[in-house]
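Below is one structure, written out as structure tokens, with a few remarks after it.
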Amino acid sequence: MNKKFMIIDGSSLIFRAFYAIRNLTTKDGIFTNGVYGFLNMYYRVVDEYKPDNICVVFDKSAPTFRHEDYEAYKGHRDKAPSELSSQFGILKDILNSLNVKFEEQDGYEADDIAGTLAKKAQEENYDTILVTGDKDYLQLVDENIKVLLTRRGITDVDEYNEESVEEKYELKPIQLIDVKGLMGDPSDNIPGVPGVGEKTALKLIREYDSIENVYANIDNISGKALKKKLEENETLAYLSKKLGTIFLEVPMDIDIEKYKIEEPNYEELKEKYEKLEFNSFIKKLPTEEIEYEEDFEYVFIKDSSKILDKLKKSKKDFAFHLFYNGSNYIHSKPEILSFKIIGEEKVYIYILKDEKELLDFKEIFENNSITKLSYDLKSDIYYLLRNGIDLKVPYEDLTVAEYLIDPSKNSYDIDKTAKLYLNRDLFSNEEIFGKGKKKKNLADIEEEQLGNYIGMYMSVTEDLRKTLTEIIEERQMHDLYFNVELPLIKVLASMEVEGFEVDAGYLTDLGDKFNEEILELEEKIYEDAGMEFNINSPKQLGEVLFDKLQLPVIKKTKTGYSTDAEVLDKLKGSHKIIERILRYRTVKKLTTTYIDGLIKLIGEDGRIHSTFNQTIAVTGRISSIDPNLQNIPVKTEEGRLIRKAFVAGEGKKLVDADYSQIELRVLAHLANDEVMLQFFKEGLDIHRKTASEVFNVDFDKVTSLDRSNAKAVNFGIVYGIGDYSLSQDLNITRKEAREYIENYLNTYKGIKKYMEEIVEVGKEQGYVETIMHRRRYIPELNSKNFNIRGFGERVALNTPIQGSAADIIKIAMIEVYNKLKEKNLKSKLILQVHDELIIEATEDEVEEVTNLLKEIMENAVKLKVDLKVDINIGDSWYESK
DNA sequence: GCAATCACG
DNA sequence: ACGTACGTGATTGCT
């Protein structure tokens, strides 16, 4: 018996189902009819035919080679409605969980890929079953190749083999191409011979076998009119035949075994079916929980030399982790060191008496021939680095791996990850440590529970490696993971260890000044209000302004009156209390967040050690907490004073480099907008140039208002602007805003096209990508809620821009870090602020560092537009920015 | 634990 | 989940 290979035309079935099943949506308005119909069919045919291998094929929206022959090919066909196109992404996502491979290729249609696969399978003695709603597939029927054709919607199928085709049409399957060549196909805009319909075409081919032979015998054709039509349209007939022929040589690596049926990921399927409200399919999923046999044994060791010996002798990769108390490792210390050598059962647990003991393990961590694995590796690297140990590559971190697979998660916890990817039930952090005030320390946990917790942690770390790395490889994120995100961990840990020197005395003095002013302002505000109240409470403030003082209400929030700066700005002049409140807010913010907040976090070394989070921002940016050093004031002179507290150490300087207009440059690159690319090439002020084009004035005559308006539009575009928001931002009417945007998009036509295309791509794929293939899924694109979908569309536009810029600076950081190390320089990278890098450089190295920083940043990646970096040097961040 | 506000790119 | 711009984090008040 031959093996059975089933090829399913996903595009055709989803299309059929979409029109056959009406109005099937989830309660959130996600259209699911196409996907539902497909799955119904899928389960039915798989049950009935029990194939050994399965592949689903899709059309791809790019123009196919057929358009080169005939421009009008499928010309009048309307674009699929968004309710349908949005379902392709959902279906592919489900296929992934079903572990069913799918194929699609630019320039080819689903039937071409199906045909190519079927012929190849035929050579390898498979019995192939093609499942589709498209009658054209019948031309592929052959020995060992059958077609299942849906009939009336998708409820029934007809099975065609060689005999049944011949019976029905009295022709060989391959001759159906000739029939189509003569009769054409209005749905694909294939012309055929005008005036020749199915009846005539069938008759002619039955009689003469092929189009070629029809023309060879043209004089024998009975019927003058028919003969004339044929003669006049000979080229058209041949062209139509060519267009109607399924292409059997799609260039692709074919390995039919790749499509072998695999066990689906039932956990994922259940989740996805629940989201889509496919209850009937949930019932099909196996219900019994798979019992997991624990494959580790934990050992508490008293003497570190025991495990040390083992690790030194072992040539195998190992998982490890340093466990600490509390939620922030920087303000804590490592308590427990655990190892698990890959493939071995034992999980070694060693309770550190002092973190200095880590030095005993230096040789192991600095061995560059074995891979070290961890879940939450940055904390480990931080502790090692803090103790003079440089964890050498190769190393891998499963937290980061999981983040790359889906950056939208709120947290990356090992118990949830283990459940999702390995279907293993772990104790949660909360179960072990408790929560709130009762939260326990590691030392308070009973030994057996601790052993099981750490044992599972290590064993799961080991097992996740294969599962997660496979997904990363499949998605072509190898480079992003291994050459960007993983090396970056060490760079971030190093910045955390280095910290930023802060002048506490200066901050205190500044704080005293601000506090004095706050006291004065409070008094005056109470006077203005005629009562004392808590100015910090928006509720109380609202009552004072809008009830007591009867000022006009500008805007409301969910809970009451809005009192934000925008509202207060509009109320300026109507009461002297307003300006005082604005001033109070400004000064209060500076003292609480930036003076008191920062002073609290200055370490014993006089430096602030922020924590950089690599797995928070969905776009790929890094974020900074405890404290956030990425939002230190700069926009107002008063706020900027805070930056005088951030200083270079003794005998050092700050070298501050920032990318000029990186997001607009990335946009110009992604959109391939000739006009904007050219403007950047000319090195002109891009906002001024934009103003000159959009408002149609000479470059030299652009007013500063024009320029700042153009600047707002440039920024707005990057965020997926709307006329409403722009009008608010620029204080102009909505109509004017609409005109600005229109003019803008007429100037930058490439950007206009890109904006439309990227949304379509997002809908089709279910995600968008950065230049490094960083992925963000956007389920919001499927919402029928106008606002949510609008949000999805803006995100689809903005994420590739913001995310690619993040990719670029990350690459630069790694190269800068490595170069400083390679050249044995003492200067260190200490901070990144999205488009800005700060190096604390020793005075003798300033020049060299300046040069290498600029060189590396400007050449981190090669885009269609040059990257430009501005550098400033100073003793404090105030001077260097 | 959430909402409002405001700091940054 | 968002009455209309993307991405973050800290502080304060209040339930």
Side-chain angles (χ1 to χ4, degrees), chain A residues 28 407-408 435-436 533-542 555-568 581-582 584-598 600-601 610-613 616-636 638-640 642-643 658-659 661-663 667 712-730 734 737 741 776 778-780 783 785-803 805-806 809 831-836 881:
Chain A
D28 301 331
S408 306
K435 61 171 182 175
F533 66 101
N534 188 342
I535 309 167
N536 298 314
S537 162
K539 184 164 172 267
Q540 294 181 38
L541 178 62
K555 193 167 68 170
K556 289 199 148 194
T557 67
K558 277 181 221 167
T559 50
Y561 305 119
S562 169
T563 68
D564 66 18
E566 198 190 313
V567 170
L568 297 184
I581 288 164
L582 281 165
Y584 173 89
R585 284 241 177 104
T586 306
V587 185
K588 186 84 182 175
K589 177 89 178 178
L590 289 174
T591 49
T592 54
T593 305
Y594 297 106
I595 298 203
D596 303 342
L598 286 175
K600 261 187 265 171
L601 289 164
S610 174
T611 305
F612 297 102
N613 206 320
I616 288 283
V618 280
T619 53
R621 277 188 174 179
I622 59 173
S623 80
S624 159
I625 55 169
D626 298 323
N628 181 353
L629 293 187
Q630 292 178 323
N631 72 346
I632 304 300
V634 70
K635 285 172 184 163
T636 63
E638 198 146 37
R640 273 186 61 150
I642 301 286
R643 294 186 173 222
D658 69 289
Y659 279 113
Q661 307 294 350
I662 190 165
E663 293 200 342
L667 173 60
V713 185
N714 269 329
F715 273 103
I717 289 289
V718 169
Y719 301 143
I721 202 168
D723 52 13
Y724 174 82
S725 315
L726 185 67
S727 71
Q728 292 288 301
D729 192 33
L730 294 183
R734 222 167 143 164
I741 296 171
R776 176 180 183 177
I778 314 179
E780 291 89 347
S783 173
N785 177 311
F786 177 79
N787 291 314
I788 297 172
R789 196 173 61 250
F791 172 70
E793 288 167 0
R794 295 192 293 274
V795 161
L797 171 70
N798 177 259
T799 299
I801 301 171
Q802 190 179 120
I809 198 164
L831 187 60
Q832 184 251 47
V833 192
H834 311 308
D835 62 357
E836 170 187 8
K881 179 68 187 173

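Only heavy atoms go into these numbers, but all of them, side chains included; no hydrogens, no water, no symmetry mates. Throughout, protein chains are lettered first and strands after them, A, B, ... in sequence-line order, and every chain is numbered starting at 1. Quick caveat, the model's predicted, so the values are computed rather than measured.
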Taking [X] for the side chain and [Y] for the main chain, is one N or O donor matched with an acceptor at less than 3.5 Å?
| X | Y | answer |
| --- | --- | --- |
| A:Gln630 | A:Gln832 | yes |
| A:Thr611 | A:Asp626 | no |
| A:Thr619 | A:Thr799 | no |
| A:Asp658 | A:Asp835 | no |
| A:Arg643 | A:Ile632 | yes |
| A:Ser727 | A:Tyr724 | yes |

Select base, sugar-phosphate, or nothing to describe what [X] touches, counting heavy atoms under 4.0 Å on all strands.
| X | answer |
| --- | --- |
| A:Ile616 | sugar-phosphate |
| A:Gly597 | sugar-phosphate |
| A:Asn613 | nothing |
| A:Asp723 | nothing |
| A:Arg734 | base |
| A:Ile625 | sugar-phosphate |
| A:Ser624 | sugar-phosphate |

Pairs flagged by salt bridge (charged side-chain N to carboxylate O under 4.0 Å, His left out) wherever residues 713-726 of chain A is involved - sequence neighbours left out: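 Salt bridge (charged side-chain N to carboxylate O under 4.0 Å, His left out) check on residues 713-726 of chain A returns A:Asp723-A:Arg734, A:Asp723-A:Arg738.
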Please state the P separation for the pair C:dA5 and B:dG1 - nearest whole angstrom.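 So the two P atoms sit 29 Å from each other.
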If you write DNA chain C from 5' to 3' in dot-bracket form, with Watson-Crick or G-U pairs under 3.5 Å, [ ] for crossing pairs and | for pairs with another strand, what do you get? .....|||||||||.
Assign each of A:Asn798 and A:Asn787 to its nearest nucleotide of DNA chain C by heavy atoms, then name whichever residue's nucleotide is nearer the 5' end.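 Here A:Asn787 is the residue nearer the 5' end.
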Under 4.0 Å protein heavy-atom contact, by nucleotide of nucleotides 3-9 of chain B - B base, S sugar-phosphate only: SSSBBSB
How close do A:Thr557 and A:Ser562 get, heavy atom to heavy atom, and via which atoms?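 In this case the closest contact between A:Thr557 and A:Ser562 is CG2-CB, 3.6 Å.
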Restricting to ring-ring contact (aromatic ring centres under 6.0 Å, His included), what partner residues turn up for A:Phe612, sequence neighbours left out?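 Once residues adjacent in sequence are excluded, A:Phe612 has no partner under the ring-ring contact (aromatic ring centres under 6.0 Å, His included) criterion.
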Those residues that, when tested against A:Lys589, pass salt bridge (Lys or Arg N to Asp or Glu O under 4.0 Å) (two or more places apart):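 A:Lys589 satisfies salt bridge (Lys or Arg N to Asp or Glu O under 4.0 Å) with no other residue.
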Taking any atom under 4.0 angstrom from a heavy atom of chain A, which nucleotides of DNA chain C are the first and last to qualify, 5' to 3'?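 Contact span on the strand: C:dA1 to C:dC14.
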